[in-house]
Amino acid sequence: MDRALYGREAVLDESGLAARLTGLTPYSFAAAGYEHGDDPPVTVFTGGRGMGKTALLKQVRNSYRGGTPLALLDCAHIEPPLDHGPGWNPLTGALAELAVQLSPRVLSAKPVEFPRLSLGLAAVAVTGWSQEDDDRARRDLQRLGPVLATVDEAKGAAGTWVSKVLAKLAATATESTAPLVGVLAEATVETVMEEVFGRYQRKSGAWYGTYRNAGGRGELGLHQLAVDFEQGGRRREEAEGFLVGALVEDLRRAYVGLTRRGTRRGRPVVLLDNAHLPLGRRLIEPVLRDRSAGHRDQLVIVASSRDRDHEGLSRATRTRLPEVAHRAPCPRGADITSGILAVELTPLSATHAQAVFDRYDAAGRVPADLPRAVHRLSGGRPLGVALLGQAVGGVPAAEREGLTPGALLGLTVRLREDAAAVPVADTLLGELLPPGLRPDVAAVLAAAHDEESARVLARTRLRGASVEGDMALLVRDALRADGWPERGGHFVADPLLRAVLLHRLRFHDADAPEYAAWRAVHETLHRHYGPEPTPYRLRQELALGRTEEAVTELRLGFPEPDVLGWLARLRFVASAPYPREHRHTGPDPRRAVALGEDPGGPLPDALDADATALHLCLRRLLHAVWLLTDPLALPDDDVIDKLVHELRRLSGRHLTGTSTLWDAATHWPRDIRAWRGLTVPPGREDGV
């Protein structure tokens with residue numbers, strides 16, 4: 001089913017990149033001009049997890065399905081058949097799958113046949129066979145059936161040719177002194193051509209005459225191909241590259257001789273998801289190498305890569321998604337990777353986020369700032385925007401007015417009509433975390449500020465989680481290898497990933513009101529920062545729901561001349577994750593304290609009237625900043641006004657920092673309403 005993809009019009013519009021590569025408009029399959037003539041680049045969409053690479057490839061598939069030969073393959077999920085022989089590996093399995101997907105009839109054109117690829121796969125399928133294992137050989141042969149069915153559907157699907165191959169192999173192997181795999185390959189190919197191929201199709205075997213040491217003789221080329229495949233190493237790579245070439249050549253031949261009035265229009269399309277993995281490179285590099293040598297083909301390859309800096313993109317032409325809407329030049333140089341157009345997927349805009357919420361909340365019952373807040377939390381990652389927006393649709397309209405980004409993480413969402421609803425936060429984690437990284441482990445480390453504090457948590461809270469070394473370093477390397485950002489202030493730097501991990505830390509044990517895991521992790525960090533009231537320790541106090549020590553230290557430090565340092569400490573301490581209650585409904589408790597409607601607890605002993613007034617002011621200010629900078633909360637105009645009021649009162653109290661505090665009262669509300677962090681010094685866009 002089609003999905004609404006916002007911000008991806010540069011690819012999917014009628015004059016977009018896909019139309020200019022394929023020569024066909026999406027859905028209608030009307031003729032479109034080729035931008036790159038007979039030398040289309042391999043197009044690779046780059047972006048981290050959740051940036052919509054897979055969704056975009058699937059939408060391209062949906063847009064061109066039925067209009068041109070098309071296949072979609074995920075290089076991360078090539079499932080090996082049960083009990084396969086050495087003749088199967090991920091590449092041969094991928095080629096067979098691609099051929100099967102590319103072969104069906106489309107737009108009144110006859111099915112594409114793959115005789116060259118069929119012969120090559122038949123030749124290498126014999127690797128590792130012995131006369132004592134007929135069952136293994138029979139299974140390996142039967143797996144060739146779908147590919148051979150592209151040559152002759154009835155004969156390929158029938159099993160009679162399998163028995164004849166086995167009989168010939170038994171007779172041939174006993175009479176020969178040549179390398180067994182080459183002899184078996186010749187006998188297998190010969191039988192396949194006799195039993196499955198027609199007279200014209202048998203001529204396709206001659207193409208293998210260009211293989212190494214073949215001397216123009218196709219049967220020798222197939223013999224050598226099987227020997228090289230069995231040998232492994234560089235020789236196997238050469239054989240695999242030739243098999244990729246066989247797929248491309250079969251596609252090219254399907255278009256040879258057809259005029260503009262012929263039955264085939266446009267170009268065939270291969271979509272490769274997760275092409276940054278080794279299989280993607282093994283499929284793409286042979287095509288690039290042949291194109292660099294001057295060979296031309298009809299194939300459009302569109303791939304995705306999570307690794308923007310992959311060495312396979314070293315000489316690619318780099319551009320960003322909006323820039324390819326009308327033109328996408330890709331000049332070819334000497335390096336084969338210059339034949340790649342690397343298109344960086346950009347985050348969705350706030351307008352796109354609003355459009356997503358409008359789709360699931362057409363009556364506009366959610367708070368007006370919720371789409372923008374979700375955009376801030378997600379960083380515009382399409383996965384986060386789409387999933388949180390879709391979750392709104394499952395909330396009764398009357399209950400939507402109280403939703404916040406934090407509340408959305410606690411909801412469930414129905415991703416398919418025929419499946420049960422699933423938790424939003426768990427679904428996000430399943431998509432965002434690198435494979436093999438345990439969510440419970442990552443959730444503990446998400447509470448850390450930096451690598452040092454993460455290692456403290458790993459030693460104290462994650463003992464036994466890994467026998468391979470420091471768990472914090474293992475997680476750090478996994479996130480780094482997956483392309484997640486790194487910056488100061490948080491061990492898990494991305495706001496969305498950190499938020500869903502902390503959500504898991506808080507709620508996964510279902511132990512409300514104790515929240516033992518959350519409390520244990522933050523108490524560990526609290527002890528780690530020692531007895532002195534440093535900003536790090538005070539931040540942990542807030543994460544544990546205790547605010548008075550922070551208010552006291554802000555009061556004691558307020559008269560000091562370094563007002564900028566004092567504001568920076570306030571901002572840092574108030575960045576603590578809020579210890580939310582499970583499925584809490586109603587106003588955020590911090591709001592009442594910030595507005596002075598709730599005193600927020602008893603006052604310290606022995607304060608005079610002036611110190612009491614300052615303490616209460618700072619208590620309100622701390623709660624206001626804590627609430628207004630929380631990425632899981634919404635801006636609140638009343639609290640913003642109170643923030644301004646308290647800062648201006650403080651401006652009048654300070655002996656030397658009057659103007660700095662006044663500037664904070666002026667610029668911090670602007671920062672909040674512009675959905676950016678509070679700037680220090682106030683008003684500086686590069687505030688630190």
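Under the salt bridge (Lys or Arg N to Asp or Glu O under 4.0 Å) criterion, Asp663 pairs with no residue, sequence neighbours left out. Residues satisfying the side chain to side chain donor-acceptor pair (under 3.5 Å) test with His310, not counting sequence neighbours, are none. In this view, Arg438 and Asp440 satisfy the side chain to side chain donor-acceptor pair (under 3.5 Å) rule, not counting sequence neighbours. Partners of Arg648 under the salt bridge (Lys or Arg N to Asp or Glu O under 4.0 Å) rule, at least two apart in sequence or in another chain, do not exist in this structure. For Arg569, the side chain to side chain donor-acceptor pair (under 3.5 Å) test picks out no residue, with sequence neighbours left out. Residues satisfying the side chain to side chain donor-acceptor pair (under 3.5 Å) criterion with Glu323, sequence neighbours excluded, are Thr319. Not counting sequence neighbours, the partners of Glu523 by the salt bridge (Lys or Arg N to Asp or Glu O under 4.0 Å) test are Arg546.
Between Arg591 and Asp638, at least one side-chain N (NZ, or NE/NH1/NH2) sits under 4.0 Å from a carboxylate O, which counts as a salt bridge.
Summarising the local packing, OH of Tyr360 is surrounded by more than 12 heavy atoms from other residues, nucleotides or ligands at distances under 6.0 Å. Around the CH2 atom of Trp484, the shell of radius 6.0 Å holds more than 12 heavy atoms that belong to other residues, nucleotides or ligands. Within 6.0 Å of CZ on Arg372 lie more than 12 heavy atoms contributed by other residues, nucleotides or ligands.
How far CD1 of Ile640 is from CH2 of Trp668: 13.5 Å, rounded to the nearest 0.5 Å. Expressed to the nearest 0.5 Å, how far CG of Asp482 lies from CG of Asp307 amounts to 9.5 Å. Rounded to the nearest 0.5 Å, atoms NE2 (His77) and CG (Leu277) are 9.5 Å apart. Atom CZ of Arg619 is separated from atom CZ of Arg555 by 10.0 Å, given to the nearest 0.5 angstrom.
When atom types are taken as modelled, the side chain of Arg318 and the backbone of Leu313 share a donor-acceptor pair closer than 3.5 angstrom. At least one donor-acceptor pair closer than 3.5 Å links the side chain of Trp518 to the backbone N or O of Ala543. A donor-acceptor pair under 3.5 Å is absent between the side-chain atoms of Ser305 and the main chain of Arg308, judged by distance alone. Remark: side-chain polar atoms of Asp369 are not paired, donor with acceptor, to backbone N or O of Leu634 under 3.5 angstrom. The closest donor-acceptor contact from the side chain of Arg49 to the backbone of Leu383 lies at 3.5 Å or more, if one exists at all. Side-chain atoms of Asp636 come within 3.5 Å of backbone atoms of Val639 as a donor-acceptor pair (strictly under, hydrogens ignored). Side chain of Thr552 to main chain of Glu548: a donor-acceptor pair is present (N/O by atom type, distance under 3.5 Å, no hydrogens or angles). For Lys53 (side chain) and Arg306 (main-chain N/O), no donor-acceptor pair under 3.5 Å exists by modelled atom type. Between the His526 side chain and the Glu541 main chain, no donor and acceptor come within less than 3.5 Å of each other. Under the 3.5 Å distance criterion, the side-chain polar atoms of Arg61 are left unmatched by any main-chain donor or acceptor of Leu271.
Evaluation of the side-chain hydrogen bond (donor to acceptor under 3.5 Å, both in side chains) test over residues 442-458, restricted to residues two or more places apart or in two chains, returns His449-Arg539, His449-Gln540, Asp450-Ser453, Glu451-Arg476, Arg455-Asp470. Sequence neighbours left out, the pairs with a member in residues 389-411 that pass salt bridge (Lys or Arg N to Asp or Glu O under 4.0 Å) are Asp361-Arg400. The side-chain hydrogen bond (donor to acceptor under 3.5 Å, both in side chains) contacts involving residues 423-432 comprise nothing, where partners must be two or more places apart or lie in separate chains. The list of salt bridge (Lys or Arg N to Asp or Glu O under 4.0 Å) pairs with a residue in residues 492-502, not counting sequence neighbours, reads Arg381-Asp494.
With Val593 as the partner, the side chain to side chain contact (heavy atoms under 4.5 Å, CB included) test is satisfied by one option alone out of Leu622, Asp588, Asp598: Asp598.
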Table please: side-chain donor-acceptor pairs of residues 499-507 below 3.5 Å, with sequence neighbours left out.
{"from": "Arg506", "atom 1": "NE", "to": "Arg580", "atom 2": "O", "distance (Å)": "2.6"}
{"from": "Arg506", "atom 1": "NH2", "to": "Pro579", "atom 2": "O", "distance (Å)": "3.0"}
{"from": "Arg506", "atom 1": "NH2", "to": "Arg580", "atom 2": "O", "distance (Å)": "2.9"}

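Here the side chains of Leu643 and Ile672 are in contact, with some heavy-atom distance below 4.5 Å.
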